[in-house]
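Predicted model, so just to flag it, every value in this text is computed and none were measured.
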Amino acid sequence: MLTQTATTVWLDGALQDDDQLRLHALTHALHYGSSVFEGVRVYPTPEGPAIFRLTEHVERLIAGAGTYGMRLKFDRAGLIEAVRDTVRASGRESAYVRPLAYYGGETVRLNPTVECPSHVMIAVLPFDGLVPGGGPTPRFRVTISPFMKTPSLAMPSTVKAGGHYTNSIRALAEAQARGFDETILRNDRGELAEGSGENLFFVRDGELITNDASADILLGITRDSILHLARAAGIPTAVRPLTMDDLARADEAFFTGTAAEVVSISAVDDKAFPEEGPITRRLRETFADVVRGRAPAPGNWLTKV
């Protein structure tokens with residue numbers, strides 16, 4: 001669980017203890033959600049701690065910052081090294097890394113590009129999975145949210161921005177208040193989009209099915225990894241819109257995400273999946289082996305600390 005605070009953070013080029021951080025009361029991101037961020041995992045491997053798909057996470061952070069007009073002081077190589085430095089300073093072999101680019105400033109004006117400086121912060125939190133200590137992988141009981149996924153024409157879903165997540169906060173809080181573990185939001189066409197913080201997959205007749213950015217989803221890096229692993233294993237894949245009919249006809253369902261990795265869905269409201277399906281299990285186990293260096297990856301996915 002993500003419950004403990006980071007002991008070391010990196011802010012604008014300097015490592016410091018987290019209890020030394022100072023934030024101006026009029027920081028733009030605090031008032032308006034003008035930030036972009038990533039969630040990155042560090043895994044123990046036989047060759048020491050490694051960061052999973054760090055380059056892709058940094059590239060998405062930079063692209064998201066550009067969408068909101070942030071002029072970052074650090075390029076891709078500089079941010080990659082900053083993450084490595086912060087993880088190394090934390091001394092952790094299993095961790096969750098939170099890079100955050102945000103607008104600072106001392107104003108309540110709405111447009112931050114006029115006068116607000118941008119900052120970059122990196123924090124490292126202890127984390128070894130949804131079940132610490134390697135316990136049995138949980139299965140999620142899920143509900144369809146009454147809240148609509150924000151259309152990308154309003155806020156681009158491919159950007160992992162702080163203010164965007166108020167949509168997910170409302171949806172998850174409502175679902176958990178009704179006793180569910182997670183929720184699935186639908187887009188403005190009534191299609192199934194994604195969970196509050198995860199991408200959605202179905203399996204039907206041996207075929208793996210998920211959607212893409214046209215469904216107003218974040219293009220998750222774990223999602224992309226699972227598609228690569230499935231194709232390498234010879235599992236047929238399809239990327240297309242997901243509908244309520246797809247849910248009704250699905251043999252298996254699961255979520256993917258940085259924290260969740262691959263989590264089997266046990267039910268979506270009245271639609272039950274009594275057991276974790278064979279394709280879900282195979283992909284979950286393969287992914288767990290790849291990120292921990294126990295099996296080869298299809299690409300250069302592990303960055304040594």
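- Under a 3.5 Å cut-off, the side chain of Y32 and the backbone N or O of V108 do form a donor-acceptor pair.
- Remark: side-chain polar atoms of T286 are not paired, donor with acceptor, to backbone N or O of L283 under 3.5 angstrom.
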Handout entry: Test salt bridge (Lys or Arg N to Asp or Glu O under 4.0 Å) applied to E174 and R178, step by step
Key = CA-CA 7 Å; E174 190 277 338; R178 292 193 284 123; 2.6 Å; yes
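- Inter-residue side-chain proximity for H228 and D224 is flagged as met; some heavy-atom pair is nearer than 4.5 Å.
- Residue T107 comes nearest to C116 through the heavy atom pair CG2-SG, 3.7 Å, listed as atom of the first residue, atom of the second, then distance.
- Summarising the geometry, atom CD belonging to Q176 is positioned 12.0 Å from atom OG1 belonging to T143; distances are rounded to the nearest 0.5 Å.
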Handout entry: Residues E261, R284; criterion salt bridge (Lys or Arg N to Asp or Glu O under 4.0 Å); working and verdict
Key = CA-CA 8 Å; E261 296 186 356; R284 176 176 59 78; over 6 Å; no
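- Between the side chain of S145 and the backbone N or O of F147, at least one donor-acceptor pair lies under 3.5 Å.
- Looking at L208 and I226, their side chains come closer than 4.5 Å, going by heavy atoms from C-beta outward.
- Rounding to the nearest 0.5 Å places OG1 of T8 at 7.5 Å from CG of D18.
- Surrounding CZ of R281 are more than 12 heavy atoms belonging to other residues, nucleotides or ligands, all under 6.0 Å away.
- Proximity of M155 to N167: side-chain heavy atoms (C-beta onward) are nowhere separated by under 4.5 Å.
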Practice task
Tell me, with the steps shown, if E207 and R204 meet salt bridge (Lys or Arg N to Asp or Glu O under 4.0 Å).
Solution key: CA-CA 5 Å; E207 182 181 52; R204 182 184 175 193; over 6 Å; no
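- Aromatic ring centres of F37 and Y165 lie closer together than 6.0 Å.
- Ring centers of F273 and F202: at least 6.0 Å apart, outside the cut-off.
- Residues I221 and T258 have side chains not in contact (no heavy-atom distance under 4.5 Å, counting atoms from C-beta outward).
- In summary, of the residues considered (D245, D246, D251), a salt bridge (charged side-chain N to carboxylate O under 4.0 Å, His left out) with R249 occurs for D245 alone.
- Heavy-atom minimum distance, S34 versus H28: OG-ND1, 2.7 Å.
- In this structure, T237 and A230 approach most closely via the heavy-atom pair CG2-CB, 3.9 Å.
- Listed for the S196 side chain is no donor-acceptor partner under 3.5 Å among the backbone atoms of S168.
- Interatomic distance, CG of N187 versus CD1 of I217, reported as 10.0 Å (0.5 Å rounding).
- The closest donor-acceptor contact from the side chain of E252 to the backbone of T280 lies under 3.5 Å.
- Ring orientation note: the planes of F254 and F201 are close to parallel, at an angle under 30° on the 30°/60° scale.
- In this structure, K160 does not pair ionically with E38, as no charged nitrogen and carboxylate oxygen lie closer than 4.0 Å.
- Note on E276 versus R139: no salt bridge recorded, every NZ/NE/NH1/NH2 to OD/OE distance being 4.0 Å or above.
- In this structure, W10 CH2 and Q16 CD are separated by 10.5 Å, a value rounded to the nearest 0.5 Å.
- Listed here is the closest heavy atom pair of A250 and K271: O-NZ, 3.2 Å.
- Without hydrogens or angle criteria, R60 side chain to L219 main chain gives a donor-acceptor distance under 3.5 Å.
- A distance of 10.5 Å separates CD in E81 from OG1 in T86, rounded to the nearest 0.5 Å.
- Heavy atoms only, all atoms of each residue included: F52 and S225 are closest at CZ-OG, 3.5 Å.
- Looking only at distances, no side-chain donor or acceptor of S35 sits under 3.5 Å from a matching main-chain atom of Y102.
- Side-chain polar atoms of S157 and D216 form no donor-acceptor pair below 3.5 angstrom.
- A side-chain donor-acceptor contact under 3.5 Å links R223 to the backbone of N211.
- Judged by distance alone, the side chain of Y103 and the main-chain N or O of Y68 form a donor-acceptor pair under 3.5 Å.
- A distance of 9.5 Å separates CZ in F255 from CG in N199, rounded to the nearest 0.5 Å.
- Of all heavy-atom pairs between D85 and R88, the closest is OD1-NH1, 2.9 Å.
- S94 contributes no side-chain N or O that, together with a main-chain N or O of P44, makes up a donor-acceptor pair within less than 3.5 Å.
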